**Q** 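Below: one structure in structure tokens.
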Amino acid sequence: MDLDFDPTGVLASLGEAELEHYRALLADLGRAAGAFRFEVAPNPCVGAAVLSDGVEIGRGFHRQWGGPHAELQAFEAAAASGVPRERWDTLLVTLEPCCSQGKTPPCTEAILRTSIRRVVVGALDPDPRHRGRGLEELRERGLEILFLRGASALERYSPHFVEWTRPDRLRRSVPWVIAKWAQTRTGQLSPPLGSKDGRWISSPAAREDVHRLRARVDAILVGVGTVVADDPRLSVRGVLDVPKPPLRVILDSSLRTPPSARLFQPCQPGEFAGPVHIVARAGFDAQYYRPLVEAGAIVHALHPGDQGHTSLRETLGLLWTEGVRRVLLEGGPRLLASAFEAEYIDQLRIYTASINGGVGPSMGRFLVAERLLQIERSEVGDDARLDAFLRK
Ligand SMILES: NC(=O)c1ccc[n+]([C@@H]2O[C@H](COP(=O)([O-])OP(=O)(O)OC[C@H]3O[C@@H](n4cnc5c(N)ncnc54)[C@H](OP(=O)(O)O)[C@@H]3O)[C@@H](O)[C@H]2O)c1
């Protein structure tokens, strides 16, 4: 559904100055919302503001994937302003409000519970299943709706969301994949032999940062090489707000995962971990199956991929059917290379430590400058952190 520019006729009642004020606010909210792009992707960056008599009294942003939407955050800020709720009259939102239950309840319902009578939006949802529906619902309930086309264009403020909702991507049904790794200054993913910190490359602060990221994904994916070499837990630790512990998924073509792996041990207090899924190649040796199931694994058998390993494509499809939408790929160089080559990686998080040298190949050949989009560099503890989206 493509809405008219002004479906409730509100435009005629507005002066040029008021329109300009709305446009400027929407652009400002769009820019500010972009600061959270790596935390919310593949969701759009959204900002919202509540006005009372034309004056902004509270603004809010969608800050975290799975977290409250911008509208609710703006309502919270408006409530804190002390302006009585019955004097809230206008809501500006950079993207039309949602009207369906996702990880959070529909924003249209929350809007209808306020005294707001006018909703001004700067972009429509590009997904044809949702496009215009939220606005239509609000219009039917008697609210004035104004769509200022281009005021907070998604192409400018949420290009990753445009990519996520492209028709061919919607048909493919594969989750958003964030590849994360730690590397030495020279790009190796394993430290120099005999390193004093054992298998760790990154600082404790960077590892805490990873736990916060793990708390905001549906699944963590590694290859069996990482399980055999590092015996990781792949759990979330030291984070209080863990909406749903992520599934732990091992690509393990011939069931080499040891049933004694630490993955299968129960969680300690304050630790969160989802079920362990092992994705194998159909035709694996049956003798390895039962001990893994007895250890607690859910074992899947899929057709092999191009290299004879478990198919990454089918694994991602399987995860989609399990409700997984955001995956953290934490594998070693082999799985990362497969995912880069098949162009399944949407987003990067790389920690670079100050040690030199190390073991194994670097991922440098995949990090061609023109493929990295919206790069953001920061420091976490002793390490440099890079976040970026990947051009497909
Ligand atoms: N610095 C970091 O951030 C980081 C992160 C993880 C690991 N590591 C290090 O990396 C080393 C392990 O490297 P790795 O490359 O062996 O680990 P990996 O990439 O996690 O595992 C590779 C294995 O996964 C299996 N696999 C199944 N399906 C696959 C597919 N479609 N594509 C690729 N592999 C598939 C393959 O074995 P089968 O065919 O037998 O299944 C393959 O040998 C360890 O030293 C570890 O410490 C470092």
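All ligand and atom numbering here is 1-based and tracks the order in the structure. Just so it is clear, the structure is predicted and the values come from calculations on it, not from any experiment. Along the sequence shown, residues carry numbers from 1.
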**Q** Got an N/O contact under 3.5 Å between G223 and ligand 1?
**A**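 Yes; the residue has a nitrogen or oxygen that sits under 3.5 Å from a nitrogen or oxygen of the ligand.
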
**Q** Might you work through the side chain to side chain donor-acceptor pair (under 3.5 Å) test for S311 and R313, ending with a clear yes or no?
**A** CA-CA 5 Å; S311 158; R313 166 75 188 90; over 6 Å; no

**Q** Go through the side-chain N and O atoms of D383 and S203 and say whether any donor and acceptor fall under 3.5 Å apart.
**A** yes

**Q** Please write down residue, atom name and distance for the protein heavy atom closest to atom 33 (C) of ligand 1.
**A** S338 OG, 3.1 Å

**Q** Just to verify, which of V222, V224, V228 counts as forming a side-chain contact (heavy atoms from CB on, under 4.5 Å) with T226?
**A** V222

**Q** For ligand 1, indicate whether the residue T226 contacts it via side chain, backbone, both or neither (heavy-atom separation under 4.0 Å).
**A**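 Answer for T226: both.
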
**Q** Against heavy atoms of E330, which atoms of ligand 1 measure under 4.0 Å?
**A**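 Those atoms are 5 (C), 6 (C).
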
**Q** Rounded to the nearest 0.5 Å, what separates atom CG in N43 from atom NE2 in H62?
**A** 4.0 Å

**Q** Identify the closest protein heavy atom to atom 42 (C) of ligand 1: which residue and atom is it, and at what distance?
**A**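 Minimum-distance protein heavy atom for atom 42 (C) of ligand 1 reads R334 CD, 3.9 Å.
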
**Q** So, W181 versus E330: side-chain donor-acceptor pair below 3.5 Å or not?
**A**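 Judged by distance alone, the side chains do not pair up.
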
**Q** Of the listed options (R281, R256, R313), which comes nearest to atom 37 (O) of ligand 1 when hydrogens are ignored and any heavy atom counts?
**A** R256

**Q** Out of all atoms in ligand 1, which are within 4.0 Å of some heavy atom of S253? Include the element for each.
**A** 27 (C), 38 (P), 39 (O), 41 (O)

**Q** What part of P333 sits under 4.0 Å from ligand 1 if we count only heavy atoms: the side chain, the backbone, both or neither?
**A**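 Both backbone and side chain.
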
**Q** Would you mind running through ligand 1 and noting each atom that sits below 4.0 Å from a heavy atom of A182?
**A** 1 (N), 2 (C), 3 (O)

**Q** Give me the nearest non-hydrogen protein atom to atom 21 (O) of ligand 1 as residue plus atom name, then the distance to 0.1 Å.
**A**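 Protein heavy atom with the smallest distance to atom 21 (O) of ligand 1: G225 N, 3.1 Å.
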
**Q** Could you tell me whether L336 and ligand 1 have an N or O pair separated by under 3.5 Å?
**A**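 By distance alone, the answer is no.
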
**Q** Which option wins on minimum heavy-atom distance to atom 18 (P) of ligand 1: G332, P361, A179?
**A** G332

**Q** Measure the distance from atom 4 (C) of ligand 1 to every protein heavy atom, then report the residue, atom name and distance (to 0.1 Å) of the closest one.
**A** L189 O, 4.0 Å

**Q** For the residue pair W320 and W164, does the interplanar ring angle fall in the parallel (under 30°), tilted (30 to 60°) or perpendicular (over 60°) class?
**A** tilted

**Q** How are the rings of H277 and H300 set relative to one another: parallel (under 30°), tilted (30 to 60°) or perpendicular (over 60°)?
**A**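 Rings of H277 and H300: parallel, as their planes differ by under 30°.
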
**Q** What atoms in ligand 1 come closer than 4.0 Å to a heavy atom of W181?
**A** 3 (O)

**Q** Any side-chain heavy-atom pair from V10 and R118 closer than 4.5 angstrom?
**A**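 Yes. Closest side-chain heavy atoms under 4.5 Å.
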
**Q** For atom 39 (O) of ligand 1, find the nearest protein heavy atom and state the residue, atom name and distance (0.1 Å precision).
**A** H309 ND1, 2.6 Å

**Q** So is G305 touching ligand 1 or not, going by heavy atoms under 4.0 Å?
**A** no

**Q** At what distance is the nearest protein heavy atom to atom 31 (N) of ligand 1, and which residue and atom is it?
**A** T310 O, 2.9 Å

**Q** Quick check: do L373 and P159 have side-chain heavy atoms less than 4.5 Å from each other?
**A**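 No, their side chains stay 4.5 Å or more apart.
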
**Q** What about I375 and V177, same hydrophobic cluster or not, with Ile/Leu/Val/Met/Phe/Trp/Tyr joined at side-chain heavy-atom distances under 4.5 Å?
**A**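 Yes; tracing contacts between hydrophobic side chains, which count when under 4.5 Å, links both residues.
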
**Q** Please identify which atoms of ligand 1 are closer than 4.0 Å to at least one heavy atom of D252.
**A** 41 (O)

**Q** Supply the atom-to-atom distance R256 CZ to Y288 OH, rounded to the nearest 0.5 angstrom.
**A** 10.5 Å

**Q** Starting from atom 45 (O) of ligand 1, locate the nearest protein heavy atom and write down its residue, its atom name and how far away it is, to 0.1 Å.
**A**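 It is S190 OG, 3.0 Å.
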
**Q** Could you verify whether a donor N or O on one side chain and an acceptor N or O on the other, from S115 and E86, lie under 3.5 Å apart?
**A** no

**Q** Give the residue and atom name of whichever protein heavy atom lies nearest to atom 26 (N) of ligand 1, and the separation in Å to one decimal.
**A**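 Result for atom 26 (N) of ligand 1: L251 O, 3.8 Å.
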
